[in-house]
Amino acid sequence: TSNNPDNIALKKVEALKNLKPITKDNIDDSFVRAQYTHTDTDANILDYLSEENVKDASTTETFVAGKIESTAAIWEGVPIYIRTGKRMKAKKTRIDIVFKDKTSSLYQNEELNKNILTIHIGPEQGVSLKLNNKVIGYNFDLVSSTLTYDVSGNIPDDYEKLILNALQGNKSSFVYWEEVAYSWKYIDAIRQLWDETDSPLYLYPADTNGPKEASALLEEQGHCWVWS
């Protein structure tokens, strides 16, 4: 393992190759698609079918949520949930890493909140760590605390680093063709299954974080979205 651009690219391709295949037997248990409709909170927001240049009977999804799993031994039992869409609560890009619960002889498990590491990618940028903190005193009471490191004001503009890397011949920030090919291979398989199996297209109000079915996707496994 190294930070050599070629090695980074190989590891990303390896990760894509190890993705558990999506089939007609697990497509509806693994992915949810939806389309936004009007909202009662803002009369100026149209539903998707009323947008300009959209066909009246369009079944194009504007939201996707899914559970991704890897066949690699190191990722066994670790689900990766993704969610993206239009007309959601806010435009955010973030990664939430939820640590597994651990049995404690000092605290009851039901008293413990989730320990969560969040990587904020945009528009705000930085890292935050939410963890259980013992309240100062003789009792073993817990409170949830968040440590935050904000780097938004200390980084280059979006394309500034890319341009510099290109001038220096540094390929680490760029996507190799093989990675693109394997990414689209995975996505195209889902798209084809949606067309072939007539998977349901759910609706969600604009200015929300998607349909209730997206939450149910995680709740069935005892999980929930961190940003709700």
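Keep in mind that this is a model prediction, so the values were computed, not measured.
- D56 places none of its side-chain heavy atoms less than 4.5 Å from the side chain of L49.
- Atom CG of D40 sits in a sparse spot, with 12 or fewer heavy atoms from other residues, nucleotides or ligands closer than 6.0 Å.
- Linking ILVMFWY residues whenever their side-chain heavy atoms come closer than 4.5 Å, directly or via other members, leaves L203 and Y36 in distinct clusters.
- Counting only heavy atoms from C-beta outward, the side chains of I190 and R33 never approach each other to under 4.5 Å.
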- request: Verify side-chain hydrogen bond (donor to acceptor under 3.5 Å, both in side chains) between D6 and Y176, making sure each step is shown before the conclusion.
  value: CA-CA 9 Å; D6 291 331; Y176 286 35; 2.7 Å; yes

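- Looking only at side-chain heavy atoms (C-beta outward), N170 and P5 come within less than 4.5 Å of each other.
- Every residue meeting the side chain to side chain contact (heavy atoms under 4.5 Å, CB included) condition with A90, not counting sequence neighbours, appears here in chain and number order: K92, W227.
- Residues S128 and T146 come closest through the heavy atom pair CB-CG2, 4.1 Å.
- Every residue two or more places apart in sequence or in another chain that forms a side chain to side chain contact (heavy atoms under 4.5 Å, CB included) with I68 is listed here: L19, F31, I80, I82, Y186.
- To the nearest 0.5 Å, the span separating CG on L147 from CG on L117 amounts to 10.5 Å.
- Under the 4.5 Å side-chain criterion, counting only non-hydrogen atoms from C-beta, W75 is not in contact with E69.
- Taking the six-membered ring where the residue is Trp, Y81 and H223 present perpendicular rings, their angle passing 60° and hence far from 30°.
- A distance-only check finds no donor-acceptor pair linking the side chain of N26 to the backbone of I22 [under 3.5 Å].
- Between N209 and Y204, the side chains place no donor N or O within less than 3.5 Å of an acceptor N or O (distance only, hydrogens not considered).
- A side-chain N or O of N165 and one of S173 form a donor-acceptor pair less than 3.5 Å apart.
- Within a 6.0 Å sphere centred on CD of E76, heavy atoms belonging to other residues, nucleotides or ligands number 12 at most.
- Residues L162 and F174 come closest through the heavy atom pair O-CZ, 3.5 Å.
- The backbone N or O of V54 sits nowhere less than 3.5 Å from a side-chain atom of S58 that would complete a donor-acceptor pair.
- If you take CD1 on I8 and CG on N4, they are separated by 7.5 Å, rounding to the nearest 0.5 Å.
- In this structure, D198 places its CG atom where only 12 or fewer heavy-atom neighbours from other residues, nucleotides or ligands lie under 6.0 Å away.
- Judged by distance alone, the side chain of N115 and the main-chain N or O of N132 form a donor-acceptor pair under 3.5 Å.
- Both I95 and L129 are part of a single hydrophobic cluster, where members link through side-chain heavy atoms under 4.5 Å apart.
- Taking OG from S30 and CG from D25, the interatomic distance works out to 10.5 Å, rounded to the nearest 0.5 Å.
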task: Evaluate side-chain contact (heavy atoms from CB on, under 4.5 Å) for R94 paired with V226, printing each intermediate quantity in order.
output: CA-CA 10 Å; R94 56 187 282 170; V226 174; 3.9 Å; yes

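- Crowding of E51 atom CD: a count of heavy atoms from other residues, nucleotides or ligands under 6.0 Å exceeding 12.
- Note on Y202: it does not cluster hydrophobically with F63, by side-chain heavy-atom contacts below 4.5 Å among ILVMFWY residues.
- A donor-acceptor pair shorter than 3.5 Å can be found between the side chains of D47 and S50.
- The hydrophobic cluster containing M88 also contains Y48, counting ILVMFWY residues as joined when their side-chain heavy atoms lie under 4.5 angstrom apart, directly or transitively.
- When all heavy atoms of A214 and W225 are compared, the pair lying nearest together is O-NE1, 3.2 Å.
- With a 4.5 Å cut-off on side-chain heavy atoms, E14 and K11 count as touching.
- Note: Q168 CD to I163 CD1 = 12.0 Å, rounded to the nearest 0.5 Å.
- A continuous path of ILVMFWY side-chain contacts below 4.5 Å connects I121 to V127, so both sit in one hydrophobic cluster.
- Among all heavy-atom pairs drawn from S183 and L16, the shortest one is OG-CD1, 3.4 Å.
- Here the closest heavy-atom approach between residue D29 and residue K67 is recorded as O-CE, 4.5 Å.
- When each of K86, R191, Q35 is checked for a side-chain hydrogen bond (donor to acceptor under 3.5 Å, both in side chains) with E61, only R191 meets the rule.
- Counting only heavy atoms from C-beta outward, the side chains of I45 and R87 approach each other to under 4.5 Å.
- Atom CG of residue L164 and atom OH of residue Y159 lie 16.0 Å apart, to the nearest 0.5 angstrom.
- Looking at S199 and D28, their side chains do bring a donor and an acceptor atom within 3.5 Å of each other.
- Using a 4.5 Å heavy-atom cutoff, the side chains of S144 and K130 are in contact.
- Annotation: side chain of K12 is not in contact with side chain of Y182 (no heavy-atom distance under 4.5 Å).
- In this structure, I136 places its CD1 atom where only 12 or fewer heavy-atom neighbours from other residues, nucleotides or ligands lie under 6.0 Å away.
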